[in-house]
**Q** 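Quick one: the structure is below, and I'll ask about it shortly.
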Amino acid sequence: MLVQEEPKLIGNVAKSSGVPIKTIRYYEELGLLKSSARTEGGFRLFNSDVLERLHFIKRAQSLGLSLSEIKEFLNVHDAGELPCEHIKIKLEDKMKAIDEQIRQLLILRQELSGLVSGWETIPENPEKTICPIIERN
């Protein structure tokens with residue numbers, strides 16, 4: 001016989017997960033979480049899977065995924081499918097974007113290195129310039 005766990009109050013969810021109540025409410029507003037009911041006092045109640053969902057959301061965010069992307073994955077999961085293939089594609093896209101950022105940063109670093117290596121502390125005409133090194137092309 002399957003024992004149904006008691007619904008969890010939003011405060012207990014926040015305490016167990018380390019996610020602030022305000023954030024949990026925001027996730028619910030975005031459709032990432034669904035409260036199962038409310039108490040007579042109006043407090044949100046959540047099913048026991050809320051902690052797993054919050055963990056998934058936080059981990060996915062730490063990998064650079066947006067909340068809208070995460071919502072797409074949770075919708076696939078909620079429809080009874082595993083979203084792993086969707087996630088893999090998004091992560092591959094993130095890696096390509098990171099590679100491009102690294103390339104751009106290396107170009108910037110090279111430019112900065114060139115500026116710093118030719119640094120002059122006293123400009124020839126200090127009244128006509130702010131910083132000659134930066135102003136040079």
Side-chain angles (χ1 to χ4, degrees):
M1 184 172 156
L2 187 64
V3 177
Q4 184 70 22
E5 284 190 43
E6 287 287 315
K8 299 178 184 310
L9 285 167
I10 192 169
N12 293 338
V13 171
K15 188 174 183 181
S16 297
S17 66
V19 177
I21 290 174
K22 188 174 182 179
T23 303
I24 294 170
R25 286 185 190 128
Y26 179 62
Y27 289 167
E28 183 185 21
E29 185 180 311
L30 293 178
L32 298 167
L33 302 174
K34 293 175 183 71
S35 59
S36 58
R38 289 190 183 247
T39 65
E40 286 181 23
F43 293 101
R44 291 168 174 84
L45 292 170
F46 291 91
N47 292 331
S48 58
D49 72 338
V50 70
L51 296 176
E52 292 168 21
R53 287 178 81 93
L54 283 170
H55 176 73
F56 175 80
I57 292 167
K58 288 305 187 191
R59 178 67 178 131
Q61 281 184 307
S62 77
L63 295 173
L65 297 169
S66 70
L67 289 177
S68 64
E69 291 169 328
I70 294 167
K71 183 178 180 183
E72 288 175 33
F73 305 145
L74 289 171
N75 287 341
V76 171
H77 172 266
D78 292 345
E81 298 177 40
L82 286 177
C84 298
E85 200 55 42
H86 302 279
I87 294 171
K88 181 182 180 211
I89 292 166
K90 287 289 184 186
L91 293 180
E92 288 170 345
D93 290 345
K94 295 284 177 202
M95 289 189 310
K96 288 176 191 167
I98 289 169
D99 289 341
E100 178 57 24
Q101 286 178 316
I102 290 170
R103 192 182 74 73
Q104 293 293 327
L105 286 171
L106 287 171
I107 291 169
L108 177 59
R109 188 185 191 295
Q110 190 173 15
E111 185 179 345
L112 292 174
S113 178
L115 286 174
V116 170
S117 68
W119 200 261
E120 299 169 13
T121 54
I122 300 172
E124 294 172 18
N125 298 317
E127 66 282 344
K128 294 183 181 179
T129 184
I130 296 171
C131 180
I133 302 298
I134 290 179
E135 293 170 7
R136 259 195 265 155
N137 289 335

**Q** From Glu72 CD over to Ser66 OG, what is the distance, rounded to the nearest 0.5 angstrom?
**A**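 The distance works out to 7.5 Å.
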**Q** Considering non-hydrogen atoms only, spot the tightest contact between Val19 and Ile24 and give its length.
**A** O-CD1, 3.6 Å
**Q** Do Arg25 and Glu28 meet the salt-bridge criterion of a basic N to acidic O distance under 4.0 Å?
**A** no
**Q** Can you hop from Leu51 to Tyr26 via hydrophobic side chains spaced under 4.5 Å?
**A**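 Yes, Leu51 connects to Tyr26 through the hydrophobic network.
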**Q** Return the minimal non-hydrogen interatomic distance between Lys71 and Leu30, and the atom names on each side.
**A**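 Minimum heavy-atom separation between Lys71 and Leu30: NZ-O, 3.0 Å.
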**Q** Working to the nearest 0.5 Å, report the span between CZ of Arg44 and OG1 of Thr39.
**A** 10.5 Å
**Q** Supply the atom-to-atom distance Glu69 CD to Leu63 CG, rounded to the nearest 0.5 angstrom.
**A**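 Answer for the CD-CG pair, Glu69 versus Leu63, is 11.0 Å.
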**Q** Roughly how far, to the nearest 0.5 Å, is CD1 of Ile107 from CD1 of Ile102?
**A**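 Taking CD1 in Ile102 and CD1 in Ile107, the distance rounds to 12.5 Å.
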**Q** Working to the nearest 0.5 Å, report the span between CZ of Arg103 and CG of Leu108.
**A** 12.5 Å
**Q** Judged by atom type as modelled, is there a donor-acceptor pair below 3.5 Å linking the side chain of Ser117 to the main-chain atoms of Ser113?
**A**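 Yes, because the side chain of Ser117 sits within donor-acceptor range (under 3.5 Å) of the backbone of Ser113.
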**Q** What pair of heavy atoms forms the shortest contact from Pro83 to His77, and how long is it?
**A**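 Pro83 and His77 have their closest heavy atoms at CD-CB, 4.3 Å.
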**Q** For the atom pair CZ (Phe73) and CD1 (Ile87), what is the distance rounded to the nearest 0.5 Å?
**A**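 One finds 5.0 Å between CZ of Phe73 and CD1 of Ile87.
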**Q** So do the side chains of Leu67 and Ile57 get within less than 4.5 Å of each other, counting heavy atoms only?
**A**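 Counting from C-beta outward, Leu67 and Ile57 do come under 4.5 Å.
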**Q** If hydrophobic clusters are built by linking Ile, Leu, Val, Met, Phe, Trp and Tyr wherever their side-chain heavy atoms come under 4.5 Å apart, do Leu33 and Leu45 end up in the same one?
**A** no
**Q** Leu91, Met95: one ILVMFWY side-chain cluster at the under-4.5 Å cut-off?
**A** no
**Q** Quick one: which of Leu54, Asn12, Thr23 gives a side-chain contact (heavy atoms from CB on, under 4.5 Å) with Ser17?
**A**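 When side-chain contact (heavy atoms from CB on, under 4.5 Å) is applied between Ser17 and each of Leu54, Asn12, Thr23, only Leu54 qualifies.
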**Q** Is it true that atom CD of Gln110 has more than 12 heavy atoms of other residues, nucleotides or ligands lying nearer than 6.0 Å?
**A** no
**Q** Between Glu92 and Lys96 (salt bridge meaning N to carboxylate O under 4.0 Å), is one present in this structure?
**A**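 No salt bridge links Glu92 with Lys96.
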**Q** Is there a donor-acceptor contact under 3.5 Å from the side chain of Lys94 to the main chain of Gly64?
**A**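 Indeed, once roles are kept as given, a pair shorter than 3.5 Å links the two residues.
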**Q** Under the salt bridge (Lys or Arg N to Asp or Glu O under 4.0 Å) rule, what pairs show up with a residue in residues 49-65, not counting sequence neighbours?
**A**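 Only Arg53-Asp78 qualify under salt bridge (Lys or Arg N to Asp or Glu O under 4.0 Å).
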**Q** Heavy atoms only: give me the nearest Ser36-Pro7 pair and the separation to one decimal.
**A** OG-CB, 4.2 Å
**Q** Using the rule that Ile, Leu, Val, Met, Phe, Trp and Tyr join whenever any side-chain heavy atoms are under 4.5 Å apart, tell me whether Val76 and Tyr27 fall into a single cluster.
**A**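 No, it is not one cluster - the side chains of Val76 and Tyr27 are not joined through contacts under 4.5 Å.
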**Q** Linking I/L/V/M/F/W/Y whenever their side-chain heavy atoms sit closer than 4.5 Å, directly or via other members, would Phe56 and Leu32 fall into one cluster?
**A** yes
**Q** Counting neighbours of CG on Leu82 that are heavy atoms of other residues, nucleotides or ligands and sit closer than 6.0 Å, is the number greater than 12?
**A** no
